[in-house]
Amino acid sequence: MKARAWLAASLLALAAPVFAAGHDHGSGVAQLLSQRLQPGLDEGVMLVVTLAPGEISAPHRHDAHVFVYMLEGEVLMQVQGRPERRLKPGDVFEEKPGDVHTQARNLSQSAPARFAVFMVKKAGQPAVLPVK
């Protein structure tokens, strides 16, 4: 539990400048950090994802350990084979390598939803991969 609290605090501290910059209500991904963890092996990536009102992400995968921390709004998340989860600010979500992320849906039709993402993946591999 202490590790989750530390991770959440770290994500919020790094994401604060993104929000202070005054993002609009469109969708998008802002990369905050990409750092090699072990030479030639792994890298840590931090992102802030914004889903526009009513937006639904296409199914995808990451082949990474992914940790999500909800910042703003409400999102319905689901990984194939697991139940849907309704996330509100302060909630966390996890994906493992090999998981298929079937949906991330902004439940609001009028406000954006934002979440911070920290992932550990193979160096040089794209953060998001298509579903085969």
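Everything quoted here is computed from the prediction, not taken from an experiment.
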**OP:** Assess whether atom NE2 of His65 is packed by more than 12 heavy atoms of other residues, nucleotides or ligands within 6.0 Å.
**Re:**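 No, the 6.0 Å shell around NE2 holds no more than 12 heavy atoms from other groups.
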
Determine whether [X] and [Y] make a side-chain contact, defined as any pair of heavy atoms from C-beta on separated by less than 4.5 Å.
{"X": "Leu51", "Y": "Phe115", "result": "yes"}
{"X": "Leu129", "Y": "His62", "result": "no"}
{"X": "Glu95", "Y": "Met77", "result": "no"}

When rounded to the nearest 0.5 angstrom, what is the spacing between [atom1] in [X] and [atom2] in [Y]?
{"X": "Leu76", "Y": "Leu87", "atom1": "CG", "atom2": "CG", "answer": "8.0 Å"}
{"X": "Gln125", "Y": "Met119", "atom1": "CD", "atom2": "CE", "answer": "10.0 Å"}
{"X": "Glu84", "Y": "Thr102", "atom1": "CD", "atom2": "OG1", "answer": "7.5 Å"}
{"X": "Ser57", "Y": "Gln103", "atom1": "OG", "atom2": "CD", "answer": "7.5 Å"}
{"X": "Lys88", "Y": "Met70", "atom1": "NZ", "atom2": "CE", "answer": "10.5 Å"}
{"X": "Phe67", "Y": "Met46", "atom1": "CZ", "atom2": "CE", "answer": "12.0 Å"}

For [X] and [Y], which heavy atoms make the closest approach, and how far apart are they?
{"X": "Pro112", "Y": "Pro53", "value": "N-CG, 4.1 Å"}
{"X": "Asp91", "Y": "Arg86", "value": "OD2-O, 3.8 Å"}
{"X": "Lys96", "Y": "Arg82", "value": "N-NH2, 4.4 Å"}
{"X": "Glu55", "Y": "Thr50", "value": "OE1-O, 4.1 Å"}
{"X": "Gly73", "Y": "Pro89", "value": "O-CD, 3.2 Å"}

Is the backbone of [Y] close enough, under 3.5 Å, to the side chain of [X] for a donor and an acceptor to pair up by distance?
{"X": "Glu43", "Y": "Gly124", "result": "yes"}
{"X": "Asn106", "Y": "Ser108", "result": "yes"}
{"X": "Arg61", "Y": "Pro130", "result": "yes"}
{"X": "Arg85", "Y": "Val92", "result": "yes"}

With a 4.5 Å cut-off on side-chain heavy-atom distances among I, L, V, M, F, W and Y, is there a chain of contacts connecting [X] to [Y]?
{"X": "Val100", "Y": "Val79", "value": "no"}
{"X": "Val128", "Y": "Leu47", "value": "no"}
{"X": "Val75", "Y": "Leu107", "value": "no"}

| request: Quick one: sort the His60 and His101 rings into parallel, tilted or perpendicular, breaks at 30° and 60°. | output: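 Aromatic pair His60/His101 classed tilted.
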
